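Some notes on the structure that comes next.
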Amino acid sequence: LRVTKQFVVHCRLKGTERVDSSPVKDISRSGICFNTSLVLERNSNVIIDLMTPYAEGKKVLLEAVVVAVKEMPITKIHQIRAKFINPDKEALRILSLIENFNQDRAR
């Protein structure tokens with residue numbers, strides 16, 4: 001289940017300092033799709049700081065591997081699809097809340 005939500009992530013290539021704030025296109029317990037101005041390559045690891053009301057003011061830090069990159073040539077924006085790597089228990093709880101909220105609204 002992929003959930004379309006209006007969240008923002010702060011993302012960066014693992015091992016670098018440059019951070020980009022990016023809108024989330026969709027998200028699930030296993031991964032995320034977002035747009036960014038960062039140039040990321042397939043199989044690179046990214047650090048994602050998810051901003052969501054479900055986190056109750058806490059940071060939700062996730063590591064993910066980029067599985068697909070689609071460049072939007074006119075805007076120089078990249079659509080990134082990434083799979084989460086070993087999210088901790090709290091991150092999985094929050095990702096589940098996001099999915100469940102969308103399922104409840106669909107009923």
Side-chain angles (χ1 to χ4, degrees):
L1 175 67
R2 307 245 6 126
V3 178
T4 303
K5 295 307 256 179
Q6 296 299 320
F7 297 128
V8 173
V9 294
H10 299 294
C11 66
R12 65 180 170 83
L13 183 62
K14 186 175 181 179
T16 66
E17 297 300 318
R18 181 171 174 232
V19 176
D20 186 42
S21 295
S22 308
V24 173
K25 183 171 180 192
D26 63 54
I27 189 168
S28 73
R29 279 179 280 203
S30 62
I32 190 168
C33 179
F34 60 95
N35 296 327
T36 181
S37 62
L38 295 176
V39 178
L40 301 172
E41 294 184 17
R42 191 168 185 263
N43 295 321
S44 58
N45 285 17
V46 292
I47 304 299
I48 296 170
D49 182 358
L50 179 64
M51 309 294 282
T52 170
Y54 299 102
E56 302 163 356
K58 300 178 216 159
K59 284 189 173 192
V60 181
L61 288 176
L62 297 153
E63 184 173 346
V65 62
V66 175
V67 296
V69 178
K70 180 180 175 185
E71 183 180 355
M72 317 297 192
I74 295 172
T75 61
K76 301 289 186 199
I77 296 293
H78 302 84
Q79 184 179 85
I80 304 297
R81 292 197 171 275
K83 180 177 173 52
F84 297 131
I85 301 171
N86 299 321
D88 66 27
K89 196 174 188 178
E90 181 63 8
L92 284 173
R93 183 187 73 79
I94 291 167
L95 293 168
S96 293
L97 286 172
I98 293 169
E99 282 187 354
N100 292 336
F101 176 78
N102 198 61
Q103 287 174 340
D104 290 344
R105 289 186 62 191
R107 290 181 193 161

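Being a predicted model, the structure only gives us computed values, none of them experimental. All residue numbers in this chain count up from 1 along the given sequence. Just so it is clear, the values below take in all heavy atoms, side chains as well, and ignore hydrogens, waters and symmetry mates.
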Give a yes or no answer on whether the side chain of Ser44 reaches the backbone of Leu40 with a donor-acceptor pair at less than 3.5 Å. no

Can you measure from CZ (Arg29) to CZ (Arg93) and round to the nearest 0.5 angstrom? 13.5 Å

With Asp49 via side chain to side chain donor-acceptor pair (under 3.5 Å) - residues at least two apart: none

Could I get the full list of side-chain contact (heavy atoms from CB on, under 4.5 Å) partners for Ile85, not counting sequence neighbours? Asn45, Glu63, Val65

Can you sort out the partners of Asn43 under side-chain contact (heavy atoms from CB on, under 4.5 Å), two or more places apart, ordered by chain and number? none

Surrounding CG of Asp88 (heavy atoms of other residues, nucleotides or ligands, distance under 6.0 Å), is the total greater than 12? yes

Run the side-chain donor-acceptor check on residues 66-74: report pairs under 3.5 Å with partners two or more places apart or on a different chain.
none

Kindly indicate whether the side chain of Val9, heavy atoms from C-beta on, has any atom under 4.5 Å from the side chain of Ser21. no

Apply side chain to side chain donor-acceptor pair (under 3.5 Å) to Thr36 and list each qualifying residue two or more places apart in sequence or on a separate chain. Asp20

Can you find a pair of side-chain heavy atoms, one from Ile98 and one from Leu50, that are under 4.5 Å apart? yes

Please examine the side chains of Leu92 and Phe84, heavy atoms only from C-beta on, and report whether any two atoms are closer than 4.5 Å. no

Separation between CZ (Arg81) and CD (Gln79), nearest 0.5 Å, reads 5.5 Å

Is there side-chain contact between Cys11 and Arg18, with at least one heavy-atom pair below 4.5 Å? no

Same cluster for Leu95 and Ile47 if Ile/Leu/Val/Met/Phe/Trp/Tyr side chains link at under 4.5 Å? no

Would you say the side chain of Ile32 lies within less than 4.5 Å of the side chain of Val24, judging by non-hydrogen atoms? yes

Atom OG of Ser22 and atom CG of Leu38: how far apart are they, to the nearest 0.5 Å? 6.5 Å

Minimum side-chain heavy-atom gap Glu90-Leu61 below 4.5 Å: no

List the steps, then state whether side-chain contact (heavy atoms from CB on, under 4.5 Å) holds for Asp26 with Phe34. CA-CA 7 Å; Asp26 63 54; Phe34 60 95; over 6 Å; no

Side chains of Lys76 and Ser37 in contact at under 4.5 Å (non-hydrogen atoms): no

Passes side-chain contact (heavy atoms from CB on, under 4.5 Å), His78 versus Val39? Steps please. CA-CA 7 Å; His78 302 84; Val39 178; 3.8 Å; yes

